[in-house]
K.L.:
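Below is one structure. I have some questions about it.
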Amino acid sequence: MKMFRFFRTIHQIQSIGKFSLILLFLTVGSPSIFAQAANKGTVTAEPSPTPVTATPQKSAAEEEDSYVSPMKSGGLTPDFTRSTFFEPELGKKVANHKKAWLNDWIRIGAYVRPRYEDRYNLAFDKSNKGYTSRAMQTSQVFFIIDPSPYFSAKVTFQDARVWGGETPASVGDVRANVFDGAGATTTSNPAAGGTGTTIPSQTTIREAFILLKKLPLDAKVQLGRQILAYGDQRLLGGANWTMNGLSYDGARIMFDQDNYKIHFFGTKIAANQNGVNGVVSANAPISVTDPVTKKTTVVNPGQPDQYIVGTYNSVTAKDWFTLDVYSIGLLTKKTAIAGAKSDLDLYNNSWAKQQSDLITTGFRITNRTANNNLPKDGFWGALDWAIESAWQTGATGERSVKDPLLNSYVQQNVAGLATSNYGTQAQKYSGSMHVFQTGYTFFEKFRAGFQYTYASGDRNRTDGSNGTFQTLTNPRFGVFPYWNNVSGLSENIDTKNLSSYNLNFSYKTDHYGTFYAAYIINNKVQTQDAWYAINGSANTGASTESNGVGQNVITVGGTGKNLYNEFDLTWMYVLNDYVSIWIGGGILTAGNAVKNQRNALYHYNLQATSTETAGLHLNTGVATGANGTASMAHMFFFQVNAGF
């Protein structure tokens, strides 16, 4: 039954089959267009080939006995390097280290990345400038096993921590803060009979997958904990800039050829049920048993089951362009309310939210045909470009009021309906994203580039259409080959309700590393919608906005589009075949959307609050100078990358 539900979930993405059939037609029907090598020069008749004696084909056992992993001589393939984050120069060196191979089919590796960050006033708040200074570290050890042309595997152990963040082992012990692996103890309401819980510090499994190769139709299947990374990673990626990165539990079926790739994937990213024998899910419901009545009550319903399923397909036409088409579903089960009996309790009042089916369908076309880089001596020369667009559909799981005025009248004048909404409708996703990126590299050293990013906003977040583009799981930071190509080093914004202009430059020296500079203008698409943080949540109250769900306070003053502008500088230097250094920082200046909000002298309450009546009120903090906008902000980082 559960297997049937899983396949039924995957079936909800209707465009998968269409994209796959189109790609199959293109690649099979047009072999001359999609061949890897162009025909150059005049074709002359060739002499008849000399007959060649057929070589006896090896048996499967003989093939395995003589097998040497092709990655030993050719370097690690992308499937085995997705957990690390190096600049291209060092990444190539690490992928091709021969000393890391213990024999012909076992490779070990390590990745260590300490990073210091300094962040100041990123909310532009005069009364709370939010200074942050911290050192963190990501450490990995991984094992790659490639013993056969039919099977490979990888396991990556990862530890991510804040320096000095270990929990003291015991009060008064002078060694307490330096004990390794100490845990934390929490107590839940001891007056009501609650008990303490020990939470140990964690070293996690970042990757643990097997790869089955040479299957029928030359397919591959990747099964287990893995990292999905597609295109420019605007929707799905490893987010390796973050300290812990992203991992996905699931499976992929891949049909990879030189000129096309067809991938299907299904992952489960949140599980609402525990396993057996103490194997538990962090997203499962939490229950409390009354010590007197022995009655069990669900106090936290946990997180609902959530899946990412879809297809991502690519076709390459010589060195002209690569076209990606994709359809990705972020499917979230019903959300139970606190106190719901179980998943079998299907009464409407036991659900805080119905099922959400966010379907993102789009395409990406680029001339970076050589593993997302420009091919050497290619058709386009030193000009690079990429275009990506995506559209969203599906039900949000929320219901909205069709006519707010009629609903208000009914609640006030019809007996028994004072707390019920009259005339509701299911809310639908309707967002979109469009990106244009281009650049030109002079003398193979200096590149000047430009990128424009549009992610739709919603002028009325209370109606039946959610027009704000919804990012999936991936933080929106830049990836190589073009560093910092999204919305700034500060990671101070999400790709939602965003119109972003990015002018960027890079210069690669012969001996002193590579220098990067970028100037980014981040505007709102809809002034009524929010400024969204990198985690996807709305920065409510940080910029001018209106028509928000549950919004009862309106700032009196002009609205604004410009959130902030950012100027970034970064330097990257490869010390040797194992280590590189990155140093960078950015200066941010607040725009009118932030200034008009924080400097407003008056606000209007739509409803009375515990301290104020409905109506117009003076912002006393602004009037006295205690509150307002602090227009300048900055961030700085220093990072060392080491690996083999």
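Just so we're clear, the structure is a prediction, and the values are computed from it rather than from any experiment.
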K.L.:
Tell me, which pairs form a salt bridge (charged side-chain N to carboxylate O under 4.0 Å, His left out) where one or both residues lie in residues 236-245, sequence neighbours left out?
P.N.:
none

K.L.:
Is there a side-chain contact between F85 and R113 (heavy atoms, below 4.5 Å)?
P.N.:
yes

K.L.:
Return yes if some donor-acceptor pair links the side-chain N/O of N240 with the main-chain N/O of R82 below 3.5 Å, else return no.
P.N.:
yes

K.L.:
Regarding R447 and D384, does a basic nitrogen lie under 4.0 Å from an acidic carboxylate oxygen?
P.N.:
yes

K.L.:
Is the shortest distance from a Lys or Arg side-chain nitrogen in K213 or D79 to a carboxylate oxygen in the other one below 4.0 Å?
P.N.:
no

K.L.:
Test of understanding: with salt bridge (Lys or Arg N to Asp or Glu O under 4.0 Å), list the residues that count as partners of E388, not counting sequence neighbours.
P.N.:
R234

K.L.:
If the threshold is 4.0 Å, N to carboxylate O, is there a salt bridge linking E117 and R134?
P.N.:
yes

K.L.:
Is S247 reaching over with its side chain to a backbone N or O of R206, donor-acceptor style, under 3.5 angstrom?
P.N.:
yes

K.L.:
Which heavy atom of D319 sits nearest a heavy atom of G378, and at what distance?
P.N.:
OD2-CA, 3.3 Å

K.L.:
Has Q158 got a side-chain atom pairing as donor or acceptor with N244's backbone, closer than 3.5 angstrom?
P.N.:
yes

K.L.:
So, do L102 and R107 sit near enough that their side-chain heavy atoms are less than 4.5 Å apart?
P.N.:
no

K.L.:
Suppose the criterion is salt bridge (charged side-chain N to carboxylate O under 4.0 Å, His left out): which pairs have a residue in residues 496-517, not counting sequence neighbours?
P.N.:
K445-D510

K.L.:
T360: which residues meet the side chain to side chain donor-acceptor pair (under 3.5 Å) condition with it, sequence neighbours left out?
P.N.:
Q392

K.L.:
Per the salt bridge (charged side-chain N to carboxylate O under 4.0 Å, His left out) rule, what does the pair list look like for residues 92-105, sequence neighbours excluded?
P.N.:
K72-D104, K93-D577

K.L.:
Quick one: closest heavy-atom pair of I328 and F265, and the distance?
P.N.:
CG1-CZ, 4.1 Å

K.L.:
Please check this pair: side chain of T316 against backbone of K318, looking for a donor-acceptor N/O pair closer than 3.5 Å.
P.N.:
no

K.L.:
Between the side chains of Y116 and S133, does any donor sit under 3.5 Å from an acceptor?
P.N.:
yes

K.L.:
Just by modelled atom types, is the I308 backbone N or O under 3.5 Å from a matching donor or acceptor in the T267 side chain?
P.N.:
yes

K.L.:
Does NZ or CZ of K261 come closer than 6.0 Å to the centre of the six-membered ring of F255, within 45° of the ring's axis?
P.N.:
no

K.L.:
Test your reading of the model: is there a side-chain donor-acceptor pair from D256 to the backbone of M254, 3.5 Å cut-off?
P.N.:
no

K.L.:
Taking D249 first and then R225, would you say they form a salt bridge - that is, a charged N and a carboxylate O separated by under 4.0 Å?
P.N.:
yes

K.L.:
Restricting to side chain to side chain donor-acceptor pair (under 3.5 Å), what partner residues turn up for S456, sequence neighbours left out?
P.N.:
none

K.L.:
Indicate the atoms forming the closest heavy-atom contact of F321 with T369, along with that distance.
P.N.:
C-CG2, 3.5 Å

